[in-house]
Amino acid sequence: MSTLFLRTLRDDPADAEVPSHKLLVRAGYVRRVAPGVYSWLPLGLRVLRAVENIVREEMNSIGAQEILLPALLPREPYETTARWTEYGDNLFRVKDRKGTDMLLGPTHEEIFAQLVKSEYSSYKDLPVILYQIQTKYRDEERPRAGILRGREFVMKDSYSFDLDDDGLKASYIAHRDAYQRIFARLAVRYVIVAATSGAMGGSASEEFLAESEVGEDTFVRCLESGYAANVEAVVTPAPEPIPFDGLAEAQVHETPDTTTIETLVAWANDALDGTFDAADTLKNVMVKVREPGGEWELLGIGVPGNREIDVKRLEASLEPAEVELLTEADFAANSFLVKGYIGPKALQENGVRYLVDPRVVDGTAWITGADQPNRHVVGLVAGRDFTVDGTIEAAEILDGDLSPDGKGPLVAAKGIEIGHIFQLGQKYTNAFEVDVLGESGKPVRLTMGSYGVGVSRLVAVIAEQQHDDKGLRWPAEVAPYDVHLVIANKDEAAIGGATSLAEELDAAGLDVLLDDRKSSPGVKFKDAELLGMPTVVVVGRGYANGVVEVRDRFTGESAEVPVDNAVSAIVAAVRG
Ligand code: ATP
Ligand code: MG
């Protein structure tokens, strides 16, 4: 350590909010160069390389072949798939000296598809899985938490090419299994969540989310069944329809100044028999929707009044169409829309598409707008008094909602995306006409999967999940060094003994960080805790009595070990 390129900091960096960011900077693992752009210093680079190698070993174990593509890429292939524009402001676009457009790769589906097209021509060549561990560029709107969300970051991206859907599924499962092994070796706590509601087939896309309070992804889980899903992917269990017989007639009421759900519920409890809450009202939210290449069209969405619209769920349900809220001008142009009093009837009569939450089944009775100022209708029955054009998953998920598998309530949790597996199908192979000659002599269009792991992000995720109030704590598989050997004794014999102990541990195959600095023992102990090697060995006062101390950074436990026996005891502690 007397020569190691390392300066630890006593204070948290001013721009850091999350623990992993503070600690990785304070412990001298990374340094900021620009927002979302970081340098890796010696200790940090060793962790990054360790993560990379675990990812590499597990990818190789499923027969994936490593290659390396450039990060600097031509515009044309991304123009072919429209991602040059669709990627929006996240894409780093550059011009070369001749004024030709280029980009810094955010992900490489295009280039891999082109590569396989140019190299392979026969069904006999398939299947193939190619991958790279490479630096990616995305001009993130909010780079955050140091290396957790960078604008330059390291990703493992792989791409599978298969002749048919069964092949694609097999490649997908192989990746899923490999990812589980990777994250187990990295000692990351994570869940696998369905990323889409299955419109493209059951498990077309899943995300691996590391459990963390500082995560930006919200998912829901059912603790009883283990079900976990992105909020976008949750399918609301629909109740059974209710027979109409015996349901009261709908009645229009004067309801002055009730443009909000709150005021409406207060009116109902005042004016009607019984007790009502927001879930008894039907709130109709107006948006406009545009299919690709189409015109803007009105869409009414009916949700129980105790729920807001969840924009992410709404967008995911309507994809690939765009969706926007109505402007004042839109309301003015559609005078049948009486703000605050919109009901299903005016929508139906004016040909506006009307989709409802799956809870709005036939026979359910609602308090909802009567399409006139200061009027609501009570007891409007779905299927009897109004019909709908279908259901939509757009309402927010609330804690306590029933899990889609019916086994218990859902609770919300936060996570950080560490991996993503995706059955792309033929989107890219169609764009580039990636065909091979099939067994029958006819061309076969290949089908593709794409799979990512956030390699540099994982360094922060591990730090985030494993740290304590004293500093970092690295699991054995990724620790920069196995042993942090602290010389806490000025005595020449002790210094000599510590140095030869370090050499013997090194010869026994352990990586040793030797703190041979002139600093005080207190400073050295604090640094050892901050830096986070799993085993700390102290050659201190006890050396004169023939013992050294072996500390476990995870449990905090320490034991005295005879010097003569130290090497085998430490090897045993490390290999535990
Ligand atoms: P996010 O939702 O976090 O923005 P993403 O869905 O854009 O991620 P993918 O395109 O699926 O991410 O990329 C594959 C993996 O790369 C992600 O699972 C994540 O671990 C990692 N990753 C994505 N963006 C970043 C970033 N800005 N910094 C660090 N790692 C990232
Ligand atoms: Mg993703």
Side-chain angles (χ1 to χ4, degrees), residues 18 20-21 24 30 32-38 40 44 47-48 51-52 54-55 59 71 78 81 83 86-92 104-110 112 131-159 172 175-176 178-180 182-183 186 188 190-196 204-212 214-219 230-233 312 315-316 319 414-424 427-428 448-465:
V18 312
S20 60
H21 184 193
L24 288 167
V30 298
R32 180 180 175 279
V33 175
V37 181
Y38 281 77
W40 296 87
V47 182
L48 181 68
V51 174
E52 267 180 37
I54 288 172
V55 172
M59 291 309 297
Y78 287 80
T81 59
R83 288 214 288 186
E86 275 174 10
Y87 232 101
D89 289 338
N90 261 21
L91 191 66
F92 272 108
L104 299 176
T107 171
H108 286 67
E109 281 78 4
E110 284 82 352
F112 274 83
Y131 77 99
Q132 59 176 346
I133 296 174
Q134 191 233 26
T135 303
K136 295 277 185 282
Y137 296 87
R138 294 182 185 177
D139 195 359
E140 298 276 355
E141 187 176 8
R142 271 182 295 277
R144 181 178 166 262
I147 54 171
L148 205 54
R149 181 176 295 285
R151 296 196 297 166
E152 177 182 283
F153 59 97
V154 181
M155 194 203 290
K156 184 287 299 176
D157 47 328
S158 45
Y159 306 85
Y172 182 88
H175 273 92
R176 199 176 191 275
Y179 279 25
Q180 288 181 279
I182 290 168
F183 300 134
L186 295 174
V188 173
Y190 69 97
V191 293
I192 303 176
V193 302
T196 55
S205 171
E206 287 169 299
E207 288 172 358
F208 292 70
L209 301 183
E211 294 165 32
S212 170
V214 307
E216 289 180 288
D217 287 302
T218 303
F219 66 100
N230 263 353
V231 285
E232 290 96 307
K312 278 193 174 175
E315 286 175 350
E319 225 197 320
K414 294 268 179 207
I416 303 168
E417 188 185 315
I418 49 176
H420 190 178
I421 52 179
F422 197 3
Q423 296 182 35
L424 286 171
K427 179 173 174 193
Y428 294 89
M448 202 174 153
S450 99
Y451 318 86
V453 170
V455 173
S456 52
R457 174 178 285 184
L458 273 164
V459 175
V461 166
I462 297 166
E464 197 60 49
Q465 287 192 341

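Whatever order the structure lists ligands and atoms in, that order sets their numbers, starting from 1. Numbering starts at 1 and runs along the sequence shown.
Listed by number with element, the atoms of ligand 1 under 4.0 angstrom from any heavy atom of Glu140 are 24 (N), 26 (C), 27 (N). Each of the atoms 11 (O) of ligand 1 lies under 4.0 Å from some heavy atom of His420. Near Met155, meaning under 4.0 Å from one of its heavy atoms, ligand 1 places the atoms 13 (O), 14 (C), 16 (O). Against a heavy-atom cut-off of under 4.0 Å, Arg138 is close to the following atoms of ligand 1: 5 (P), 7 (O), 9 (P), 10 (O), 12 (O), 13 (O), 23 (C), 24 (N). When each atom of ligand 1 is checked for a heavy atom of Gly419 under 4.0 Å away, the hits are 18 (O).
Residues Glu216 and Arg149 are paired through a salt bridge, judged by an N-O separation under 4.0 Å between the basic side chain and the carboxylate.
Judged by distance alone, with hydrogens and angles left aside, the side-chain atoms of Tyr172 form no donor-acceptor pair with the main-chain N or O of Ser450 at under 3.5 Å. Judged purely by atom type and a 3.5 angstrom limit, Gln465 uses its side chain to pair as donor or acceptor with the backbone of Glu211.
Looking at Ser456 next to ligand 1, no N or O pair under 3.5 Å apart turns up. Distances between N or O atoms of Arg457 and those of ligand 1 include at least one value under 3.5 Å. Looking at Val453 next to ligand 1, no N or O pair under 3.5 Å apart turns up.
Closest heavy-atom approach to atom 31 (C) of ligand 1 among the candidates Phe153, Phe422, Phe208, Tyr451: Phe153.
By the side chain to side chain contact (heavy atoms under 4.5 Å, CB included) test, Ser212 pairs with Val214, Ile416, Glu464, sequence neighbours left out.
Ligand 1 lies out of reach of Thr107, whose nearest heavy atom is not under 4.0 Å from it. Residue-ligand proximity: Gly150 is placed with a non-hydrogen atom under 4.0 Å from ligand 1. Residue contact check for ligand 1: Leu148 places a non-hydrogen atom closer than 4.0 Å to it.
Counting heavy atoms closer than 4.0 Å to ligand 1, residue Arg149 contributes atoms from both its backbone and its side chain.
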Practice task
Please step through side chain to side chain contact (heavy atoms under 4.5 Å, CB included) for the pair Ile418 and Leu209, ending with a clear verdict.
Solution key: CA-CA 6 Å; Ile418 49 176; Leu209 301 183; over 6 Å; no

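The shortest non-hydrogen separation linking Val455 to Lys156 is CG2-N, 3.6 Å. Looking at every heavy atom in both residues, Gly36 comes nearest to Pro143 through CA-CB, 3.7 Å.
In this structure, Tyr451 has its ring center at least 6.0 angstrom away from the ring center of Tyr159.
Note on ring orientation: taking the six-membered ring where Trp is involved, the planes of His420 and Phe422 are parallel (angle under 30°, cut-offs 30° and 60°).
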